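Scroll down for the structure; my scribbles are underneath it.
Whatever order the structure lists them in is the order used to number ligands and atoms, beginning at 1. Not measured: the values here are computed from a predicted model.
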Amino acid sequence: MKKILVINGPNLNLLGKREPTVYGNHSFESYFNELKEKFTTVTLSYYQSNIEGEIIDKLHEVGFTYDGIVLNAAAYTHTSVAIADAIKAIETPVVEVHISNVYARETFRHKSFLAPNVKGIITGFGLQSYELAIQSFL
Ligand code: DQA
């Protein structure tokens, strides 16, 4: 079975409560259960952290053995050279996802430090962005 890890970055633990007009009113935990029911032929796991270094540690931990990583680095997307370098350092392909369409928002969200090092980017499909990213690994 393919092993795929979903990583959510800062503030995404508040999904469902945080700015529902932008990010919806569904908690990630309940959506993740739906994902597991949908993708029964893969081993799906989930990790969330608000801390940049913990996201980097997780990328190092799984990045030589897993088949795919779905990463929503949230605001770190637009700031983190360190996460960009970690993605480059590992072997597992990473797909960058965003719930909102970052290109329809403030210009500071148009820059992704991660973009050059990821396999591809899915942005703007709501929580479905994660499902599309998982599908890309199958
Ligand atoms: C986000 C977009 C980012 O710009 C923002 O900082 C987030 C969430 C998204 O999923 O739409 O926290 O990554």
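- No side-chain heavy atom of F125 sits under 4.5 Å from any side-chain heavy atom of V97.
- Atom 1 (C) of ligand 1 has as its closest protein heavy atom H98 ND1, 3.7 Å.
- Among all non-hydrogen protein atoms, the one lying nearest atom 5 (C) of ligand 1 is R109 NH1, 3.2 Å.
- Protein heavy atom at the shortest distance from atom 7 (C) of ligand 1 is Y23 OH, 3.4 Å.
- No donor-acceptor pair closer than 3.5 Å links the side chain of K3 to the backbone N or O of G68.
- With hydrogens and angles disregarded, no donor-acceptor distance shorter than 3.5 Å links the side chain of T92 to the backbone of D67.
- The nearest heavy-atom contact from the protein to atom 9 (C) of ligand 1 is I99 N, 3.3 Å.
- When heavy-atom distances to ligand 1 are checked against a 4.0 Å cut-off, T123 has no atom that comes that close, whether in backbone or side chain.
- Ligand 1 has no N or O atom lying under 3.5 Å from any N or O atom of P10, backbone or side chain.
- By the 4.0 Å heavy-atom criterion, N11 is excluded from the residues contacting ligand 1.
- Between H78 and H98, the ring planes lie parallel to each other; the angle is under 30°, not in the 30° to 60° tilted range.
- Residues Q48 and Y46 form a side-chain contact, since some pair of their non-hydrogen atoms from C-beta on lies under 4.5 Å apart.
- Nearest heavy-atom pair, I55 versus G9, reported as atom, atom and distance to 0.1 Å: CD1-CA, 3.8 Å.
- Of the protein's non-hydrogen atoms, the one nearest atom 4 (O) of ligand 1 is H78 NE2, 2.7 Å.
- Numbered from 1 in the order shown, with element, the atoms of ligand 1 that lie under 4.0 Å from a heavy atom of A75 read 6 (O), 12 (O).
- A cation-pi geometry, defined here as NZ or CZ lying under 6.0 Å from the six-membered ring centre and within 45° of its normal, holds between K111 and F113.
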Please determine whether side chain to side chain donor-acceptor pair (under 3.5 Å) holds for the pair Y130 and N8, giving the CA-CA distance in whole Å, both sets of side-chain angles, and the decisive distance to 0.1 Å.
CA-CA 10 Å; Y130 293 89; N8 270 342; 2.7 Å; yes
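- For T77, the closest heavy-atom approach to ligand 1 does not fall below 4.0 Å.
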Apply side chain to side chain donor-acceptor pair (under 3.5 Å) to residues S112 and E96 and explain how you reach the verdict.
CA-CA 10 Å; S112 168; E96 174 182 335; 3.0 Å; yes
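- The shortest N/O to N/O separation between V97 and ligand 1 does not fall below 3.5 Å.
- At least one N/O-N/O distance between R18 and ligand 1 falls below 3.5 Å.
- The shortest N or O to N or O distance between S100 and ligand 1 is below 3.5 Å.
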